[in-house]
Amino acid sequence: MTFQLTRRALLQGAGITLAGSVCPLTAVASGVKKAIDAMPDMYWGACVVNCGNRCALRVFTKNGQVIRIETDNTSNPCCPQPYQLRACLRGRSMRQRLYNPDRLKFPMKRVGERGEAKFERISWDEAYQLIADNWQRILKNYGPDSVYINYATAQQTSVSGSNCWKRLANLTGGYLNWKGSYSSAQITAAFPMTYGRKVASSPTEIAHAKLYVSFGDNLSVTRISGGSMSWQFLQAIEKNHVKTIVIDPICTDTVAGKVNQWIPILPGTDAALCEALAYEFITHNWVDQEFLDKYCVGYDEKTLPKSAPKNGDYKSYILGKADGVAKTPAYASAITGIPEETIIALAREMGTTKPVFVAQGLGPQRRANGEETARAIAMLPILLGQVGLPGTSSGMEECGTDWWPIGIPRGNNPVKASIPSFMWTEAILRGHEMTATHDGVKGVDRLKNDIKMVINSGGNILINQHSDCGRTDKILRDTSKCEFIVVCDNMMTASCRYADVLLPDTLGNETEDLVGNGDSMGETAFITPIHKAVNPQWEQRST
Ligand code: SF4
């Protein structure tokens with residue numbers, strides 16, 4: 001247990017001491033009191049943006065103002081446990097965000113055309129009434145599946161953000177949900193088809209490998225902060241001298257000066273490289289046949305059902321029996337831009353070294369047919385039998401613990417339908433035509449309604465994060481399609497411009513909350529309380 005010395009405790013202690021003395025307040029005591037008064041109060045907080053981490057922050061206040069924000073510095077950075085969760089500059093600059101002149105200060109309603117960003121200040125009561133009237137109208141005219149709560153990840157806490165909106169929607173009949181994410185929809189869909197579910201080892205497992213091979217995995221930039229995967233990756237390769245080979249179109253920060261070999265590749269061609277590696281594994285007899293026979297279906301024809309088409313197995317495809325094209329290093333070289341001899345050498349290295357840890361970042365899958373790229377990479381550890389053993393992984397991005405504190409209960413959503421997160425503009429235009437087979441709708445065969453109301457809380461998806469902004473702008477400006485948009489945010493973002501009602505949210509230490517460790521922290525596991533340190537300066541309210 002730790003004891004935290006606060007200004008109040010010190011003053012109480014000083015008071016007891018002085019009360020027990022016969023002397024009046026001396027100059028020394030007065031000096032002590034002055035010094036104590038000058039001490040700021042410290043509150044724990046967290047950086048809750050969507051970088052994958054949730055670094056703890058130390059927030060110092062004086063006279064009701066945040067005067068500075070520091071990183072966690074409460075443990076020994078040289079010890080692996082407990083981790084010192086050192087925030088990056090983004091987290092440490094949260095004070096600038098808190099006192100940014102562009103903070104939304106009051107509730108507002110649209111007075112110009114939608115998208116023009118002409119607003120007028122209204123009271124919270126007026127805002128509540130406007131939202132309630134429109135929500136009820138849309139529920140009555142179309143039904144709850146016409147109300148969509150948008151994907152938003154700027155506020156990763158267990159109470160604030162869209163949690164309360166979802167609870168409210170569930171209490172009013174439900175809402176159309178989304179599935180998948182802009183970050184990882186393809187790999188999330190692909191991995192269950194190969195492994196049954198998404199599985200991977202944590203980065204600390206790399207320390208037990210002899211060889212680490214990754215595809216488009218830029219941990220030093222995408223998995224940063226003191227306690228994250230980036231740190232664990234560097235610890236593993238530095239302490240245990242694991243040979244590291246990174247395949248990436250860019251000489252990233254993960255590559256520069258840290259790994260043994262960088263193999264540049266033309267973007268989007270990873271699957272061709274994997275096929276050529278598989279060709280080399282097969283033709284040099286480096287595959288783990290026993291593992292494949294025992295645990296896999298479809299590597300060769302003997303594990304396929306009799307009804308399978310001739311040469312429908314993976315091995316036949318790689319050797320060219322299925323399509324007449326053997327997936328040789330020469331074949332892959334022409335597609336990937338990697339010299340043939342480099343592919344041959346990489347295959348030999350992987351085929352003859354054990355344990356080998358294979359990983360991929362989210363970049364290779366984030367493109368058309370990205371599912372197939374993700375699965376092609378996953379085949380490498382499977383072929384070599386390098387799965388489920390110390391020092392190995394599944395070929396997916398490294399994973400770890402993901403602690404999520406209990407938050408506000410959302411209740412059950414009576415609407416069972418969900419759409420791929422990327423398809424919400426389509427659902428505004430032609431939701432009633434969208435089906436499970438054609439559009440990836442889940443939970444129902446076909447949507448009943450178009451989206452008529454969007455709630456966008458804690459995210460800039462409406463126009464900034466979604467692709468093809470020009471098209472999205474046209475769709476959102478047409479008030480006959482999506483009839484009502486509520487945006488709740490901290491700043492006047494691009495998405496705010498499209499709001500019919502715009503609500504100012506609290507930020508960071510203006511409210512009490514909890515946050516878990518996120519999905520980029522490797523084996524680090526923690527929950528950080530966010531204490532209210534200051535009152536909102538204007539009329540911001542927590543959602
Ligand atoms: S690493 Fe991520 S969570 Fe940590 S301070 Fe930086 S932006 Fe915030």
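Remember, it's 1-based here, ligands and their atoms both numbered in the order they're listed. All values below come from the heavy atoms of this structure, side chains included, with hydrogens, waters and symmetry mates left out. Quantities reported herein were computed from a predicted structural model and do not represent experimental measurements.
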> Is NZ or CZ of Arg114 both nearer than 6.0 Å to the six-membered ring centre of Tyr498 and within 45° of the ring axis?
Replying inline: no
> Which N, O or S atoms belonging to the protein are less than 2.8 Å from atom 8 (Fe) of ligand 1?
Replying inline: Cys47 SG
> Could you give the distance from OG1 (Thr244) to CG (Asn260), rounded to the nearest 0.5 Å?
Replying inline: 4.0 Å
> What residue among Gln232, Glu398, Glu397 forms side-chain hydrogen bond (donor to acceptor under 3.5 Å, both in side chains) with Arg223?
Replying inline: Glu397
> Between Lys532 and Glu510, what is the shortest heavy-atom contact and its length?
Replying inline: CE-O, 3.5 Å
>> Could you check whether Phe422 and Tyr151 have their ring centres less than 6.0 Å apart?
In response: no
>> Let's go through Tyr212 and Phe233 carefully: what are the C-alpha distance in whole Å and the side-chain angles of both, what is the deciding distance for ring-ring contact (aromatic ring centres under 6.0 Å, His included) to 0.1 Å, and is it a yes or a no?
In response: CA-CA 10 Å; Tyr212 170 85; Phe233 167 71; 5.1 Å; yes
